[in-house]
Amino acid sequence: MINVGVLGATGAVGQRFVQLLANHPWFNLTTLTASERSAGKTYGSVVNWRLDSPFPESVGELVVSPTTVDAVKDCDIVFSAMPADIATKLESDIADAGVGVCSNASSHRMTEDVPLMIAEVNPEHAALIDVQREKRDGFIVTNPNCSTIMLATALAPLRKFEFTNINVATMQAISGAGFDGVPAFGIYDNVIPYIGGEEEKMAREANKILGTFENGKITGAPFTVSASCNRVPVIDGHTLNVWIDVKASVDEVIDAFKTWEAPFKGLPTQPEKSVLYLDDDNRPQPRLDRNRGNGMTVSVGRVREGIRFVAMGHNTIRGAAGASVLNAELLHTLKYI
Ligand code: NAP
């Protein structure tokens, strides 16, 4: 078994990690960390479990560690759900100490030798780990921001066509801001037309993910993304309206969505369909479609002239913890772990 830890295990993404790892067939969850407020107490006594699945009792008696290099040095991999300001130095120090870090934080996403990976979309970028290993024993692999994951996964089937400009408007769930990120008074009966830093992240991260790996580095993809990001009163599930200048007809785009297959099969967290096209005019919808593929499927629909379409996925599973666990499963099959 591979020993794994979760950094920031009490938060919105951290709880998803615990949910996905508590009974994982390959990974043995040995270490949970959080802030000094929680350290030294059992996980069951400090976590305010807010997921709609039962609390995994098998981890209730694990004692929460402070988030330090020492606390995780016996792990083979750690999954990071840390606030970015803390993750920057901490994740580097952990990787330097020989541990693999699969991170959700934004700190290292654009670092030249760090893969920004969606397992089914750009698995070849894992080779950047070889570049990192010239200077450290461990590694950092990141997954994209939660709205970029939906966009880049939906674009994967369209890569066989030429496209240039992409415009996207997002309707993002409140869980994307963390448990204490959006006060009820701010979001009920409301839409907030600003999410700090999100629009810039969508533009640069999508270029890196769909870029080309050659001679030990990534060359960004040649398209532009203009994003407009909104917070809406949905608990989980980010919905995206996408406009794309693509050299393909409506029928060709629908066919691409329906026939695209991930480049590998059978990993424990991998859904049967990573991209699922829904024919109904009024789908996808977050409440009805976010749990498809155990929360790992990006549902797509409403392809129209323009070309315009809708994409939607579960932000804390496909957009965060699930994507990171799938990355780690892929890295294990590629012998990086
Ligand atoms: P969150 O709910 O606020 O959780 C933060 C976690 O970090 C908690 O476990 C907290 O522990 C711990 N923490 C806070 N301050 C700390 C400190 N000084 N030292 C050590 N641990 C500390 O945040 P989140 O939404 O899970 O997000 C975590 C990371 O994932 C962020 O970088 C975020 O940008 C990224 N992300 C989030 C999403 C999403 O959909 N939510 C998607 C993609 C990426 P205590 O409980 O002890 O305070």
Side-chain angles (χ1 to χ4, degrees), residues 5-20 31-51 59 62-72 78-91 93-94 101-109 116-118 140-153 170-183 195-198 200-202 205 229 231-232 234-239 286 290 295 312-325 327:
V6 176
L7 312 177
T10 48
V13 176
Q15 291 190 21
R16 283 288 176 200
F17 273 126
V18 171
Q19 179 194 41
L20 293 168
T31 309
L32 301 174
T33 84
S35 73
E36 293 292 345
R37 293 181 288 279
S38 316
K41 302 170 189 147
T42 61
Y43 186 63
S45 70
V46 292
V47 71
N48 180 6
W49 190 255
R50 297 197 226 194
L51 305 187
V59 295
L62 275 182
V63 175
V64 175
S65 305
T67 306
T68 61
V69 177
D70 260 7
V72 298
V78 293
F79 295 94
S80 172
M82 295 302 295
D85 53 338
I86 302 165
T88 308
K89 180 169 185 321
L90 181 80
E91 291 178 358
D93 290 348
I94 292 173
V101 180
C102 289
S103 177
N104 276 269
S106 57
S107 311
H108 298 285
R109 286 182 191 148
L116 178 58
M117 214 166 89
I118 304 173
I140 301 175
V141 168
T142 56
N143 48 299
N145 149 285
C146 43
S147 43
T148 312
I149 291 195
M150 308 316 161
L151 177 65
T153 305
T170 70
M171 288 154 275
Q172 298 183 215
I174 56 175
S175 59
F179 282 142
D180 300 318
V182 185
I195 302 175
E198 196 87 349
E200 298 77 10
K201 282 182 197 164
M202 287 194 82
E205 291 181 14
C229 296
R231 188 77 67 196
V232 298
V234 164
I235 301 285
D236 290 314
H238 289 355
T239 305
R290 63 191 168 207
M312 194 285 307
H314 197 302
N315 54 296
T316 62
I317 303 179
R318 175 80 264 187
S324 209
V325 172
N327 278 350

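Note that the coordinates shown come from a computational prediction; the quantities given were computed from them, not determined experimentally. Note that these values count all heavy atoms, side chains included, but never hydrogens, waters or copies made by symmetry. Indexing begins at 1, ligand by ligand and atom by atom, following the structure's order.
- Looking from atom 14 (C) of ligand 1 to the surrounding protein, the closest heavy atom is Pro83 CG, 3.8 Å.
- The protein atom (non-hydrogen) at minimum distance from atom 17 (C) of ligand 1 is Ile86 CD1, 3.2 Å.
- The Ala84 neighbourhood of ligand 1 comprises atoms 32 (O), with distances under 4.0 Å to a heavy atom of that residue.
- For Thr316, the heavy-atom gap to ligand 1 drops under 4.0 angstrom.
- Among protein heavy atoms, atom 12 (C) of ligand 1 sits closest to Gly8 CA, 4.1 Å.
- Residue Val46 does not touch ligand 1, judged by heavy-atom distances below 4.0 Å.
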**Message:** Set out, in order, the CA-CA distance, both residues' side-chain angles and the distance that settles salt bridge (charged side-chain N to carboxylate O under 4.0 Å, His left out) for Arg318 and Asp236, then state yes or no.
**Reply:** CA-CA 11 Å; Arg318 175 80 264 187; Asp236 290 314; over 6 Å; no
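- Close approach to Ala320 involves these atoms of ligand 1, each under 4.0 Å from a residue heavy atom: 42 (C), 43 (C).
- Put simply, part of Ala9 is less than 4.0 Å from ligand 1, judged by heavy atoms.
- Nearest protein neighbour of atom 22 (C) of ligand 1, counting heavy atoms only, is Ser35 CB, 3.7 Å.
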Under 3.5 Å, sequence neighbours excluded: what are the donor-acceptor pairs made by side chains of residues 82-90?
| from | atom 1 | to | atom 2 | distance (Å) |
| --- | --- | --- | --- | --- |
| Thr88 | OG1 | Ala84 | O | 3.1 |
| Thr88 | OG1 | Ser107 | OG | 3.1 |
| Lys89 | NZ | Asp93 | OD2 | 2.6 |

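- Remark: minimum distance from atom 34 (O) of ligand 1 to any protein heavy atom is reached at Asn104 O, 4.8 Å.
- Protein non-hydrogen atoms do reach within 4.0 Å of atom 31 (C) of ligand 1.
- Close approach of ligand 1 to Gly178 (heavy-atom distance below 4.0 Å) involves ligand atoms 2 (O), 25 (O).
- Close approach of ligand 1 to Phe179 (heavy-atom distance below 4.0 Å) involves ligand atoms 2 (O).
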